[in-house]
Amino acid sequence: MSEKILLIDGHSILNRAFYGLPDLTNSEGKHTGAVYGFLNILFRILEEEKPDYLTVAFDLHEPTFRHKMYEAYKGTRKPMPSELREQVPLIREVLTSMGVKTVSMAGYEADDLLGTLAFRSEKQGMDVTILSGDRDLLQLATDKIMIRLPKTSRGKTTIENFHAEQVLEKYQVTPPQIIELKALMGDSADNIPGIPGVGEKTATKLIVQYGSIENAHEHLEEVKPNKAKESLREHYDLAVLSKTLATINTDSPLEFAYEEARLQDLYTPEAYELCKRLEFKNLLSRFDAASVSQQTMTDDFFTCEDLSGAEALFQKAAAKPYVGVELLCDREDVYGVGIALEEEEVYHIPAQGLMTGDYLCGKLKELADTTVLCCMDVKSVLKHVKLTETSHVFDTGIGVYLLNPLKSSYTFDDVAKEYLDGKLLPTREDLLGKDSIQKAWEKSSEGLGTYACYVAYTALASRGPIEKALHETEMWKVYTEIELPLVFTLNSMEEWGIRVKGEELKSYGEKLSVRIQELEKMIWEQAGEEFNINSPKQLGVILFEKMGIPGGKKTKTGYSTAADILEKLAPEHEIIKNILEYRQLAKLKSTYADGLSAVIEPDRRIHSTFNQTITATGRISSTEPNLQNIPVRMELGRLIRKVFVPEDGFVFLDADYSQIELRVLAHMSGDEKLIQAYREAQDIHRLTASQVFHVPFDEVTPLQRRNAKAVNFGIVYGISSFGLSQDLSITRKEAAAYIEKYFETYPKIKGFLDELVATGKEKGYVSTMLGRRRPVPELKSSNFMQRSFGERVAMNSPIQGSAADIIKIAMNRVYERMKQEGLESRLVLQVHDELLIETKKEEIETVSKILEEEMKGAAHLSVELEIDMHEGENWYEAK
DNA sequence: TGTTTCACG
DNA sequence: ACGTACGTGAAACAA
């Protein structure tokens, strides 16, 4: 049986994948959709064809010979969007990693190389398959050369196959005559002019009849449609030129060794790593375990079995400047520790026998007096090892987060790849599967030990590169002066938690249930049937189809039933009112009443986790439960705050910054008028209204104030007329007019925001006042939506991020002060611009003063930082 | 697992 | 013509 070669038109398939599939980006914002689509189709074809050889051809970037000819004649080609262009090197990298031969040559298009290889291979007796999205390639079809054209319709990819016979069937001409057709019709995408007035129909007729352009020209007088006759007469030269342009060169001087193109195992460790980096999760399953673990580090780690060994180890460690540490633990127990003394000297100490968890933790605490403990996550270690602010630690996770806050997770294997020259380590899942630490411990302490060693190794080895990068990006200060101390502050908040009255929460929930059931009944009655009100899909059908409420479609899955839409649509409908109330109550019950009840711990307190490495802007986030979104805007929800109470003998002191983001904006932009406004006014929105609408301060109407407030918010969010118009229910034009007036009033604000976008575009990131960075890859997108998003982000992030920096500083200072002054009061919550202190009654005065001083003094801006402070027996009262 | 909705700043 | 305000997390539903 003859051998088979598969030739792929790289750019064309990449193009297909790009336009045929939704744009995909990985968590770092890298565009990967086209590469993903390319690989999927490649794998599919390989399974169908099972070729012996495989080669992918690419155009070089420079304009090729054939195009130059025409570009000189008329215009240039449309540029490739950057999201696609950046994927070209990526697909080549992936193919190379899989050992796939790629070819390209100066002065020749991919078509030419494909044609050349196809004919060469055919001559050698091979069967040839060409995969392309470009119909031009049909001119190459023969009995042995098959052209395969993938087509995407309705999300499904079907492939059309053409040997010479099928070309004749479909186009009524032989493959070489495809050139004639094209030369007559022209092709704007390929810059082939063609001749005017001749489309597919006429061209086909002419070629079927005369066989070629030249022959048709010789029989010009017989040529039928008069229009075609005249056009051919007049533009014959153009047709001949077009023919040259349309002809694929099948005889290029490409050097090609078939052995290099022989198809081998594509599932190499390199390809696996690359796919993982690109987050092609579906593709990873194609790689078998064997190829995965090959190139990884050889794990010759040591295990420390007995107490004397451990003693010696810690002694040795104490002499080192840095060690890598991974504590194997969960919330309750310590199972052991991995310690890296040197990059080649890594130990695992299981917690067993005399080496109890407590013993290990004590040793670590002691070690941190002299040696920097490098950990992936210091705060989790703190749960067991009572390190203090004077302990020496390095937090790899936070370092990596600062360097790229867009990543969604910071696992050790990712860190190794990024900061250790692409070093490939097995992942946690490779080593432990999906087991928890506890589960893995019960199975075998050995695999767990290996895992601990890899993590400890990574923490030690990556410390240097990360530290260097933090210096280079001028974020070392943010790291040491804000983030690292904050680890201790947050840990303390987590450990204290906040007291919650469980019984009251329960009865609150029961009260809600009664009303929810009433509403449910009423809604079902009004709808005329029972259905699940919580299902947006069912609700949409009921409202917009059954009840015939004029509804606009909105989401990709159907009707939007979001509150603001329903409110605008039919505020008078009784059912709508009921649904909105139902929704509100259902939310309160499920998320807050039931949700919070479920996480009250035996100490009657809720211990949330404050995450420091999640947000893109530098804010912290709160999970399990989220205590940063406890209701406050609506009275009914706000009542929940009554169940958050201080311990006996304590009260709550709640302090929040007044409009910190607007003040930051005033400072960063340096706009004198806004700064002056803040120096004068208690009511900034009113003053803004007065200045923007040119009315005396005392004559500002409530509506004007509301509008000014919305504009102020809009500015902080990265203003757009559309967003503002939505918010205020006005037209875009009106919104645009407000914005313009605002910028006229505060001229430097406009300049400042424009500058943010410009430098963001230039540098690829924007920065806060303290130097924290956020990359904004979207700014370079050719997609209008994405680019606009990037612009808003560029305007918002420095503001939101600077405010976040400031309150973090305040938290650290408040925490430090209370500790230094030996107070029993403690910081328990942070809600972005608000701090909640569980304050000992005797310390109220002192703590108020500390809050006032440290919050106001956290930054020195050209406008004062004001705070509002309240005292209360519960959170409701204190706010 | 992704989508929708909604709670907060 | 495109279809958005910025930043989060949790619950419920729909596949």
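Values in this document were obtained by computation on a predicted structure and should not be read as measured data. Convention: sequence-line order gives letters A, B, ...; per-chain numbering from 1.
Each of B:dC8, C:dA14, C:dT4 was ranked by its minimum atom distance to the side chain of A:Gln538; first place goes to C:dA14. Minimum atom distance to the side chain of A:Phe784 is reached by C:dG3, of the listed C:dG9, B:dC6, C:dG3. Comparing C:dA5, C:dG7, C:dA10 against the side chain of A:Thr591 picks out C:dA10 as the nearest. Distances from the side chain of A:Ser535 to the nucleotides C:dG7, C:dC13, B:dC6 place C:dC13 closest. Nearest to the side-chain atoms of A:Lys879 among the listed nucleotides B:dT5, B:dG9, C:dG7 stands B:dG9. Checking C:dG9, C:dA5, B:dT4 against the side-chain heavy atoms of A:Leu724 singles out C:dA5 as nearest.
For A:Arg619 and B:dG9, the shortest distance from a side-chain N or O to OP1 or OP2 is not below 4.0 Å. Listed pair A:Ser560 / B:dT5 meets the phosphate criterion, a side-chain N or O lying under 4.0 Å from OP1 or OP2. Contact check, A:Gln628 against C:dA10: no side-chain N or O comes under 4.0 Å of OP1 or OP2. Look at A:Arg633 and you won't find any side-chain N or O under 4.0 angstrom from OP1 or OP2 of B:dC6. Between A:Ser621 and C:dG9 there is a side-chain polar atom (N or O) within less than 4.0 angstrom of OP1 or OP2. Not one side-chain nitrogen or oxygen of A:Lys537 sits closer than 4.0 Å to the OP1 or OP2 atom of C:dA12. Distances shorter than 4.0 Å separate none of the side-chain N or O atoms of A:Asn796 from OP1 or OP2 on C:dA5. Contact annotation: A:Thr557 side-chain N/O to B:dT4 OP1/OP2 distance is under 4.0 Å. For B:dT4, one of the phosphate oxygens OP1 or OP2 lies less than 4.0 angstrom from a side-chain nitrogen or oxygen of A:Thr555.
A side-chain donor-acceptor contact under 3.5 Å links A:Thr617 and A:Gln800.
By the 30° and 60° cut-offs, the orientation of the rings of A:His685 relative to A:Phe713 is parallel. Relative ring orientation between A:Phe644 and A:Trp875 is described as perpendicular, the plane-to-plane angle rising above 60° on a 0-90° scale split at 30° and 60°.
Nucleic acid contact for A:Glu661: none, since no nucleic acid atom lies under 4.0 Å from a heavy atom of the residue. A:Gln584 comes within contact range of the sugar-phosphate backbone alone, with a heavy-atom separation under 4.0 Å but no base atom that close. A:Gln800 comes within 4.0 angstrom of a base, heavy atoms only. Residue A:Ser797 is out of contact with every strand shown, counting any heavy-atom pair closer than 4.0 Å. At a threshold of 4.0 angstrom between heavy atoms, the contacts of A:Ala586 with the nucleic acid are absent. Nucleic acid contact class of A:Asp833 (heavy atoms, under 4.0 Å, all strands): sugar-phosphate only. At the heavy-atom level, A:Val793 lies under 4.0 Å from the strands shown only through sugar-phosphate atoms. In this structure, A:Asp656 reaches neither bases nor backbone, as no heavy-atom distance under 4.0 Å exists between it and the strands shown. Heavy atoms of A:Ala804 sit nowhere under 4.0 angstrom from any nucleic acid atom. Nucleic acid contact for A:Ala735: none, since no nucleic acid atom lies under 4.0 Å from a heavy atom of the residue.
The partner of C:dC2 is absent, by the rule that a Watson-Crick or G-U pair needs both atom distances under 3.5 Å. The partner of B:dC6 is C:dG9, judged by Watson-Crick or G-U wobble contacts that both fall below 3.5 Å.
Put simply, CZ on A:Arg732 is 10 Å from C1' on C:dC2, counting in whole angstrom units. Atom CZ of A:Arg792 is separated from atom P of C:dG3 by 13 Å (rounded to the nearest Å). For the pair A:Phe531 CZ and C:dC13 P, the computed distance is 13 Å after rounding to whole Å. Summarising the geometry, the separation between NZ on A:Lys556 and P on C:dA14 is reported as 17 Å, rounded to the nearest angstrom. Atom CD1 of A:Ile606 and atom P of C:dA10 are 12 Å apart (whole Å). Distance A:Gln786 CD to C:dG3 P: 12 Å, rounded to the nearest Å. What separates CG of A:Leu588 from P of C:dA11 is a distance of 13 Å, to the nearest Å. What separates CD of A:Glu778 from C1' of C:dG3 is a distance of 17 Å, to the nearest Å.
Both tests hold for A:Arg773 against A:Tyr765: distance to the six-membered ring centre under 6.0 Å, angle to the ring axis within 45°.
Considering A:His573, A:Gln526, A:Glu520 in turn, A:Gln526 is the only one that fulfils the side-chain hydrogen bond (donor to acceptor under 3.5 Å, both in side chains) rule with A:Asn578.
Nearest-nucleotide mapping onto DNA chain C: of A:Ile715 and A:Asn629, the residue sitting toward the 5' end is A:Ile715. Mapping A:Gly723 and A:Asn534 onto DNA chain C by nearest heavy atom places A:Gly723 closer to the 5' end of the strand.
Rounded to a whole angstrom, the distance from the P atom of B:dT4 to that of C:dA5 is 13 Å. On the P atoms, B:dC6 is 32 Å away from C:dA1, given to the nearest whole Å. For the P atoms, the distance linking B:dT5 with C:dT4 amounts to 12 Å, nearest Å. B:dT3 and C:dG3 have their P atoms separated by 16 Å, given to the nearest Å.
The residues A:Glu83 and A:Lys780 are annotated as not salt-bridged, no charged nitrogen and carboxylate oxygen being separated by less than 4.0 angstrom. Remark: A:Lys642 does not engage A:Glu504 in a salt bridge, criterion side-chain N to carboxylate O under 4.0 Å.
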- Output, in order, the C-alpha distance, side-chain angles, deciding distance and verdict of side-chain hydrogen bond (donor to acceptor under 3.5 Å, both in side chains) for A:Gln659 and A:Tyr678. CA-CA 10 Å; A:Gln659 293 148 353; A:Tyr678 262 114; 3.3 Å; yes
- Task: Let me see the working for A:Glu483 and A:Lys379 under salt bridge (charged side-chain N to carboxylate O under 4.0 Å, His left out), right down to the final yes or no.
- Result: CA-CA 11 Å; A:Glu483 299 297 344; A:Lys379 183 146 64 62; over 6 Å; no
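An aromatic stacking contact between A:Phe789 and the base of C:dT4 is absent, as defined here by ring centres under 5.5 Å apart and ring planes under 30° from parallel.
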